[in-house]
Amino acid sequence: MFKKILIANRGEIACRVAATARRMGVKTVAVYSDADARAKHVAVCDEAVHIGGSAPKESYLRWQSILEAARATGAEAIHPGYGFLSENEEFAQACADAGLVFIGPPPSAIKDMGLKAESKQLMEKAGVPLVPGYHGANQDRALLQAEADRIGYPVLIKASAGGGGKGMRAVDKAEDFAAALDSCQREAINSFGDSAVLIEKYVQRPRHIEIQVFGDTHGNCVYLFERDCSVQRRHQKVLEEAPAPGLSPELRAQMGLAAVAAARAVNYVGAGTVEFIVEQREGGSMQFFFMEMNTRLQVEHPVTEAITGQDLVEWQLRVAAGEPLPLSQDQLQITGHAIEARICAENPDNQFLPATGTLNVYRKPACTSFERGVVRIDDGVREGDTISPFYDSMVAKLIVHGDTREQALARLDEALAQTHIVGLATNVQFLRRVARTASFAQANLDTALIPREQAVLFQQESVGLPLAAAAAVAQTLLRERASAGVDPFSHRDGFHTHGVTQRRFAFEFGGEPVAARLSYERGGSLQLAVGEGAAQVAGPLVFEATPQGMVLQFAGQRTPATVYAQGEVDHVFTPRGATQILAIDLLAHAGEAAAEGGRLTAPMPGKVVSFAVQAGDTVKKGQALAVMEAMKMEHTIAAPADGVVQELLYAPGDQVTEGSELLKLSAA
């Protein structure tokens, strides 16, 4: 076994690899960029080497610097994690040339499977089922349009060298093809340095089911069963689970054997994932087609570890060191059910725009690393860390395991409820809503689940005004009691000798002003009224402090609650959900947005890719005005109303901060 390895990655996967290496007695070397100088992955490794600037192309994509770091620290092997250089055959070959072991497949396998078009041709020869499509090398625009027309709409354009939903667009009709192709090719160039695309028939009601495979240098190859990754947004996975619900043992074996055949076709070594698209047909039958092979460890590998009891990173290290696979196919078995939720810094209610900021609060459920039946957290951040615009938006992976899918679902909801993040927008509450939908609960899965359930997924308030206001009032009283100490004359507790004392609170909730009135009754009881007129909710307010926050009772509800005050904003977390309520003083700023008139601002930090208009152009509401790139994804800025473009304030290629005014638009 290796004595020391270098981890050529960052964030949670670097921490994940380091954890297994430490357990196996293997020393680790971290690499880091300017932005990651104080990152968690740097702290958990035995050594760390600075390799460049914050942008990936200045650091984590500079494989020459990574090789120099490995040589300087005496590392014997390099683990690439996933993303960055993990599927770069040039880097894998450079490792071999430098006398270092690349903990992954041979360069030839990466090359054969790295280009989607060529891999489809290989799979066809190996007898693996394929989706109808065009996988040729000719990238003439007219030819690509003609091929899409021949295949029949809807079609899917995919970056040939891509993955993770980048450089991918679904096209419903011929007239939209050219614009979608342009966007795919731009993203492909930015993410992979290759604009080539392939075109496939867009399968209706598809499920995304992938098979974990493993090969060694002794000719052995096995599959460690499947994962269902159908719940996606923008072709990026949101929830993954293993095993796939409703998959018969016969179909599982067929897909597993097909995946092994795909791996053997390229003499595969190490961990890999063969991804299939599964068409659900009338009567419940399913047919699977090869999509692609990811020649690396997958983000969602923990659910496979949970149901098999195997550490896949340990398997990687052992195979890379020349050992045979730890288990044969007939020794592998499935136990229970596991689900993974990707917690990301993004705003689901604003088209999943990436968010940046500081993790002012980052509280996690209690977890145990690999034992079955518990909650597991894989992350690369700590409370106080900053989520920057330079890297992927994922904050953490939350993995649960249970004896049944129903038990795993219950554990997932409880663990998400105990995940408290304040300081930037996240998808934690959205994940809870997805897991609670009828479609997911009943395993009615396909890649359109989120659009199908959008009525219950977006712009939903789970806590409600009365409970949010009561929690904010109770938190204020608890804070005042704590600050007053033992001096009875400093307590704002409503003490009086006669009558009823009232105290007024003012809040903003959901963009609307809210009045609240707290009455101190004789004997110390509290009465709270929230709102005015017919909408008013009133009743006794009872609360007590707990180590986790408080237990709150108001308006017929009794619930644990935790409130984190950030300035004048109270972030309220309950088992039902989470919300925010603001002090009414913030209304002084409420008119600013309206006063800005025709300003159009950047919704997140990033780079201006292009403008679709010029000064003097007349535009219609909804018309595309500009394209921005942030966190490796493109986002279109559209006109909020009809108008005339007065001025463009930036040029393509400029970096902008969140809220920067991009252009001026006057009323038509």
Side-chain angles (χ1 to χ4, degrees), residues 1-52 56 59-88 91-92 94-96 98-105 214 269-271 296-299 301-302 305 310-323 326 367-370 376-382 385 391-392 394 396-397 399:
M1 181 50 61
F2 309 113
K3 294 181 179 178
K4 182 187 291 187
I5 65 171
L6 181 143
I7 305 170
N9 216 298
R10 63 175 302 279
E12 61 89 13
I13 185 56
C15 296
R16 163 72 189 89
V17 173
T20 290
R22 182 177 299 276
R23 180 175 60 79
M24 296 177 66
V26 177
K27 297 293 186 181
T28 54
V29 179
V31 293
Y32 65 92
S33 66
D34 289 345
D36 281 341
R38 297 179 179 272
K40 180 179 177 180
H41 78 275
V42 174
V44 300
C45 288
D46 298 291
E47 301 176 58
V49 179
H50 177 254
I51 55 170
S59 50
Y60 298 107
L61 293 176
R62 293 178 60 191
W63 55 262
Q64 295 88 347
S65 298
I66 291 171
L67 293 180
E68 290 173 7
R71 284 191 288 261
T73 56
E76 303 161 82
I78 293 181
H79 195 302
Y82 46 69
F84 294 139
L85 296 169
S86 62
E87 295 179 283
N88 185 312
F91 176 58
C95 288
L100 298 165
V101 175
F102 179 77
I103 303 175
F214 238 102
V269 174
R296 52 173 167 79
L297 199 65
Q298 290 282 93
V299 175
H301 77 273
E305 294 181 324
Q310 303 302 311
D311 183 335
L312 298 189
V313 173
E314 179 179 345
W315 278 43
Q316 284 188 299
L317 295 179
R318 294 195 180 283
V319 166
E323 297 180 21
C367 53
T368 306
S369 185
F370 285 98
R376 167 178 164 184
I377 292 278
D378 282 11
D379 63 19
V381 293
R382 300 153 299 189
D385 284 353
Y391 313 115
D392 189 88
M394 191 164 66
K397 302 184 309 195
I399 306 99

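Here the structure is a predicted model, which is why all the values come from computation and not from measurement.
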(request) Walk me through it: do His41 and Ile13 pass the test side chain to side chain contact (heavy atoms under 4.5 Å, CB included)? (result) CA-CA 9 Å; His41 78 275; Ile13 185 56; over 6 Å; no
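- Using a 3.5 Å distance cut-off with no hydrogens or angles, the side chains of Gln316 and Arg318 do not pair a donor with an acceptor.
- Checked by atom type and distance alone, the side chain of Asp311 pairs as donor or acceptor with a backbone atom of Glu314 at under 3.5 Å.
- For the residue pair Ile51 and Arg62, the shortest heavy atom distance occurs at O-NH1, 3.5 Å.
- Of the listed residues (Ile78, Val17, Leu317), just one forms a side chain to side chain contact (heavy atoms under 4.5 Å, CB included) with Ile103, and that residue is Leu317.
- Of the possible donor and acceptor atoms, none in the side chain of His79 sits under 3.5 Å from a partner among the backbone N and O of Asn9.
- Gln310 and Trp315 get closest at one heavy-atom pair: OE1-NE1, 3.3 Å.
- Under a cut-off of 6.0 angstrom, the local environment of CZ in Arg38 is sparse, with at most 12 non-hydrogen atoms contributed by other residues, nucleotides or ligands.
- Residue Ala75 comes nearest to Leu100 through the heavy atom pair O-CD2, 3.1 Å, listed as atom of the first residue, atom of the second, then distance.
- A donor-acceptor pair under 3.5 Å links the side-chain atoms of Asp385 to the main chain of Arg382, judged by distance alone.
- Arg10 places no side-chain N or O within 3.5 Å of a backbone atom of Ser33 that could act as its donor or acceptor partner.
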(request) Under the side chain to side chain contact (heavy atoms under 4.5 Å, CB included) rule, what do Tyr32 and Val49 come out as? Steps first, then yes or no, please. (result) CA-CA 6 Å; Tyr32 65 92; Val49 179; 5.6 Å; no
(message) As a quick check of understanding, evaluate side chain to side chain contact (heavy atoms under 4.5 Å, CB included) for Ile66 and Leu6, giving each step before the final call.
(response) CA-CA 9 Å; Ile66 291 171; Leu6 181 143; 3.7 Å; yes
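- Aromatic rings of Tyr60 and Tyr391 (six-membered ring for Trp) have centroids within the 6.0 Å cut-off, being under it.
- Between Asp34 and His50, the side chains place a donor N or O and an acceptor N or O closer than 3.5 Å (distance only, hydrogens not considered).
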(request) Please lay out, stage by stage, how Leu67 and Cys95 fare under the test side chain to side chain contact (heavy atoms under 4.5 Å, CB included). (result) CA-CA 7 Å; Leu67 293 180; Cys95 288; 3.9 Å; yes
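- Looking at Lys3 and Lys27, their side chains never come closer than 4.5 Å, going by heavy atoms from C-beta outward.
- When all heavy atoms are compared, the tightest approach of Ala14 to Ile7 is O-CD1, 3.6 Å.
- No side-chain heavy atom of Pro80 sits under 4.5 Å from any side-chain heavy atom of Arg296.
- Contact detail for Phe84 and Pro56: the closest heavy-atom pair is CE2-CB, 3.8 Å.
- Take Glu47 and apply the salt bridge (charged side-chain N to carboxylate O under 4.0 Å, His left out) test, not counting sequence neighbours, and it matches Lys4.
- Residues Leu312 and Leu297 have side chains in contact (heavy-atom distance under 4.5 Å, counting atoms from C-beta outward).
- Here the closest heavy-atom approach between residue Thr28 and residue Ala18 is recorded as CG2-CA, 4.1 Å.
- Asp379 pairs in a salt bridge (Lys or Arg N to Asp or Glu O under 4.0 Å) with only one of the listed residues (Lys40, Lys397, Arg16), which is Lys40.
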